[in-house]
2 protein chains.
Amino acid sequence: MKKKLLISDIAKQLNVSITTVSFILNGKAKEKRISDDLTERVQKLVEEVGYRPNQLAQSLRTGKTRTIGLMVEDISNPFFANIARLIEERAYQEGYKIVYCSTEDDSDRTKELISMFRDMHVDGYIITPPQGVEEDVEKLIKDGFPVVLVDRQVAGIHTHCVIVDNLSGAYNATAHLMEQGYQNIAFVTTDSRQSQMLQRLEGYRKALAEKQLEPAVLEVPYRYDAKQMLRKIVSFFEETESIDAVLFATNYMAVRGLEAISQFNPQGLPANLGVASYDDHDVFKLLKPTITAVAQPTEAIANHVINLMLHLLNPKNKTSEADTIVLPTQLIIRNSTPRKEVVA
Amino acid sequence: MKKKLLISDIAKQLNVSITTVSFILNGKAKEKRISDDLTERVQKLVEEVGYRPNQLAQSLRTGKTRTIGLMVEDISNPFFANIARLIEERAYQEGYKIVYCSTEDDSDRTKELISMFRDMHVDGYIITPPQGVEEDVEKLIKDGFPVVLVDRQVAGIHTHCVIVDNLSGAYNATAHLMEQGYQNIAFVTTDSRQSQMLQRLEGYRKALAEKQLEPAVLEVPYRYDAKQMLRKIVSFFEETESIDAVLFATNYMAVRGLEAISQFNPQGLPANLGVASYDDHDVFKLLKPTITAVAQPTEAIANHVINLMLHLLNPKNKTSEADTIVLPTQLIIRNSTPRKEVVA
DNA sequence: TTGAAAGCGCTAACAA
DNA sequence: TTGTTAGCGCTTTCAA
């Protein structure tokens with residue numbers, strides 16, 4: 001095992017003090033008026049022998065780890081996976097590491113993760129907060145840590161936040177269905193009280209209300225697994241036969257829902273049933289028919305989040321006001337919402 | 001900002017020395033014959049005031065971070081995402097943290113990541129190695145770090161390894177296609193020379209050879225993006241019209257391939273074309289028809305990997321021989337490989 | 001312009 | 001059975 005090089009080794013070899021080497025390594029050569037000649041010699045040697053400072057010691061001393069904690073609801077969900085990857089990429093370029101975790105929207109788990117991140121001394125927190133962690137997050141903020149919320153807001157947490165215009169997104173999708181001639185539009189969502197879910201529901205209701213149509217909402221319990229969810233959706237469709245279109249509140253519900261629908265119609269989607277999903281999914285354009293969806297701007301979300309975080313992490317920047325960034329969605333019209341043939 | 005508690009605060013409050021507290025906290029109370037009474041009082045106070053040792057200081061002192069570095073080819077691929085999640089879960093239970101990264105199968109990037117992990121002082125490495133990092137990985141091993149390879153082997157790296165029986169998997173899928181009456185079976189793979197890919201190719205060839213059938217292999221360059229891949233696959237199908245079945249070497253190639261096929265047949269899969277994929281995918285059972293696939297035992301892979309790693313991490317265990325664990329795959333027969341109607 | 005030395009918070013060898 | 005103390009490797013104040 002090659003012995004790890006120390007800063008003292010570098011200093012010794014060049015017959016200078018540790019301090020000098022440290023200053024040079026930390027870009028303070030100019031500031032400390034260290035001769036260009038010496039600066040260069042130090043840098044050259046460091047390069048040559050491949051010296052790398054011990055980050056643990058650095059962090060212990062400075063209190064900074066150049067690490068950002070990223071907690072999303074479920075890293076295996078393509079929406080979050082994409083955002084995470086984009087954030088990681090940028091963070092990495094800026095010399096930050098990302099550690100991520102899935103909250104599974106469980107408040108206890110989230111609290112534990114926050115506490116784990118604190119123990120790891122991450123410099124900042126990016127969180128999709130579940131309900132019930134208000135206090136813990138507020139504490140982080142009070143303790144001076146940069147915190148950026150993503151995807152949803154939680155009443156009682158006052159900090160920077162990047163979300164999507166869920167209401168308009170759901171409104172537009174519903175309006176589109178109505179324009180295509182559908183009259184009995186169901187909304188399949190979860191029973192979670194997350195802000196983004198409530199806003200989608202509201203968008204749906206608002207669109208219907210404008211045309212005096214009746215809402216038909218199915219709330220599938222959040223904890224249901226795939227099979228239970230499937231069953232629930234199936235029985236919903238059985239009970240409410242008049243439905244001629246359905247808007248799913250998330251992409252994974254849409255996937256389950258499509259499975260459910262195909263139980264009734266092994267031939268594929270019935271021609272007279274309109275289907276749309278909030279949140280796009282890679283496979284929607286593979287299915288027959290391709291599925292109309294409300295796409296969320298993952299790239300823009302990731303960019304705003306990481307920019308905000310980097311800004312907050314920079315000690316030069318005064319602590320700014322907690323601002324909420326709301327990004328627009330895009331309705332991608334595919335083949336699952338054709339014009340409905342009206343029988344006179 | 002609440003002042004962070006130190007071990008000295010605990011010691012002071014109880015009028016004992018720091019050492020005593022440290023011993024108790026590290027489970028050495030018995031060993032050091034510290035009175036049960038004192039032990040209890042210390043634990044109680046620690047609990048009450050919520051004291052948590054500074055991990056940075058601990059790590060600096062002990063040289064251990066209780067962190068495992070996990071590098072997979074692409075964390076947004078469901079196969080790796082699943083393995084990662086399972087590994088993380090177990091690691092977490094055992095008091096280890098996981099930091100993950102995607103290599104994108106790029107050797108330079110992987111080298112950088114390895115070096116980043118070294119800087120972070122991770123205790124062990126779990127890697128899906130790209131070609132060209134043999135030296136760097138060997139160096140890790142020589143330096144005494146536990147290294148477990150997953151999904152593929154690389155000649156020149158001698159360490160523990162968990163892989164899947166790729167050859168049999170591809171062989172079985174191909175054999176199944178032949179049994180169903182297909183005669184001109186294409187194999188769509190990448191040009192990557194990764195061991196698992198070569199083994200799949202070999203399994204395919206072996207099955208064909210036994211029936212004296214001719215192979216028809218398309219190698220799509222690994223660096224191609226989705227669009228380029230699509231185009232390549234499309235032109236392959238155009239050039240080789242006699243093909244009556246195709247086995248895709250990975251799930252993402254299958255997804256692209258299915259898109260390609262649907263360009264010819266907007267109605268869906270042609271009834272006379274058999275399709276199977278190595279590596280299962282959530283959506284395969286959603287598509288019409290559902291897609292036959294070779295499922296890899298993600299759970300078993302994850303379990304073996306983490307068990308191996310935890311074993312290696314335990315200083316009590318003597319360094320054992322580098323063993324390779326080969327796990328079986330499972331052929332899931334769905335509707336995309338129906339018995340071929342032979343026209344006499 | 002450079003160096004000596006005091007910690008950051010903890011572990012553990014050694015002493016008592 | 002418990003306490004004293006020397007580091008782990010680095011940054012940075014203060015002194016020269």
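So you know, we letter chains A, B, ... as the sequences are listed, proteins then strands, and number each from 1. Every heavy atom of this structure was used, including side-chain atoms; hydrogens, water molecules and symmetry mates were not.
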Integer-rounded Å distance: [N] [atom2] and [X] [atom1]:
X       : N     : atom1 : atom2 : result
A/Lys12 : C/dG3 : NZ    : C1'   : 15 Å
B/Glu40 : D/dT1 : CD    : C1'   : 17 Å
A/Asp9  : D/dG9 : CG    : P     : 10 Å
B/Leu14 : D/dT1 : CG    : P     : 18 Å
A/Ile10 : D/dG9 : CD1   : P     : 14 Å

message: Classify B/Ser35 by what it touches in the nucleic acid, base, sugar-phosphate, or nothing, heavy-atom distance under 4.0 Å.
response: sugar-phosphate

task: Can you sort out the partners of A/Tyr100 under ring-ring contact (aromatic ring centres under 6.0 Å, His included), two or more places apart, ordered by chain and number?
output: B/Tyr100

- prompt: What string of B, S and - do you get for nucleotides 8-16 of chain C, 5' to 3', if B is base contact, S is sugar-phosphate-only contact and - is no contact with any protein heavy atom under 4.0 Å?
  reply: BBBBBB---

query: Restricting to pairs with a member in residues 54-71 of chain A, which pass salt bridge (Lys or Arg N to Asp or Glu O under 4.0 Å), not counting sequence neighbours?
result: none

Checking [Y] against [X]: is there a side-chain donor and acceptor pair closer than 3.5 Å?
X        : Y        : answer
A/Tyr92  : B/Glu112 : yes
B/Glu73  : B/Ser102 : no
A/Asp105 : A/Gln194 : yes

- request: Could you walk me through whether B/Glu88 and A/Cys101 pass the side chain to side chain contact (heavy atoms under 4.5 Å, CB included) test, one step at a time?
  value: CA-CA 9 Å; B/Glu88 181 176 10; A/Cys101 281; 3.7 Å; yes

